[in-house]
Amino acid sequence: MLFRSQFFHPVYNEKIAHLFKEIREKIYSKDNGIRLITLYQIFYYDILNTLSNNSNFKQLLSNRNVNLEVIKLVNSLANYNIGKNYLLSKSSIIDDIFKCMVLEKIDTPLRQNCLGALQKFSLRNEAQNKLIELNVIHYLIDIFMFQADTLSNYTIEYGLALLMNLSLRKEGKEKFEAVGEKIINILIKFLKY
């Protein structure tokens with residue numbers, strides 16, 4: 001176990017956040033060897049604790065000084081199929097990320113990265129079902145309706161892509177039918193995206 005609760009002390013928060021930032025930057029290395037070694041070490045050492053049943057991942061997300069770097073790392077890992085496999089092996093990861101996203105009341109970098117990760121997860125059927133079950137469709141519709149003027153291009157693009165992916169499932173179509181007029185208005189408003 002890489003991170004234990006005693007490490008969630010103000011003295012260590014900045015160091016832990018910096019560690020996650022450094023790991024994420026290695027994933028984007030131009031050197032393919034460094035990228036592959038970094039990915040292998042993330043999975044082998046299970047730095048996000050997705051392969052265990054402990055709650056350290058939830059603790060990382062609940063720590064305001066660390067959660068942005070953790071979610072940025074998750075969002076980066078979700079770009080790769082092997083990363084999605086690793087992350088989605090934790091059955092509660094979608095719940096945890098969605099809860100973290102909902103706590104952000106405005107369009108912050110944390111909410112944007114949560115949305116980006118969830119959109120990348122939504123390319124998988126099981127993740128689509130979970131996101132529909134969590135009522136992400138209605139959450140995003142509310143954001144697009146009530147915060148439209150303050151949303152970043154990132155949120156608009158990833159939010160619309162996530163809605164599109166969820167509309168491919170039968171259960172998703174049923175949710176969209178219940179709010180058909182709202183979704184049509186949103187699509188018209190953001191047609192340029």
How about [atom1] on [X], more than 12 heavy atoms from neighbouring residues, nucleotides or ligands closer than 6.0 Å, or not?
| X | atom1 | value |
| --- | --- | --- |
| K175 | NZ | yes |
| E126 | CD | no |
| K21 | NZ | no |

So, S152 and D107: side-chain donor and acceptor under 3.5 Å apart, yes or no? yes
Please name the residue in the list N185, I186, I141 that meets the side-chain contact (heavy atoms from CB on, under 4.5 Å) test with V179.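 In the set N185, I186, I141, the residue that makes a side-chain contact (heavy atoms from CB on, under 4.5 Å) with V179 is I141.
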Does [Y] offer a backbone N or O that forms a donor-acceptor pair with the side chain of [X] under 3.5 Å?
| X | Y | answer |
| --- | --- | --- |
| K72 | N113 | no |
| Q128 | L166 | no |
| D46 | L51 | yes |

For R64, is there an ion pair with E104 - N to carboxylate O distance below 4.0 angstrom? yes
Within the 4.5 Å heavy-atom criterion, are I16 and N63 side-chain neighbours or not? no
Do T108 and L68 have side-chain heavy atoms sitting under 4.5 Å apart?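 A side-chain contact under 4.5 Å is absent here.
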Aromatic plane relationship, F43 with Y86 - under 30° parallel, 30 to 60° tilted, over 60° perpendicular: tilted
State which residues pass salt bridge (Lys or Arg N to Asp or Glu O under 4.0 Å) with D95; sequence neighbours excluded, sorted by chain then number. K130
Trace of the side-chain contact (heavy atoms from CB on, under 4.5 Å) decision for L163 with L187: CA-CA 10 Å; L163 286 174; L187 292 175; over 6 Å; no
Indicate if I37 and I23 have the same hydrophobic cluster label, given that clusters are the connected sets of ILVMFWY residues with side-chain heavy-atom separations under 4.5 angstrom.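 No; I23 is not reachable from I37 via cluster members.
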Would L123 end up clustered with L168 when hydrophobic side chains under 4.5 Å apart are linked, directly or stepwise? no
Worked check of side-chain contact (heavy atoms from CB on, under 4.5 Å) between S29 and T38: CA-CA 10 Å; S29 171; T38 303; over 6 Å; no
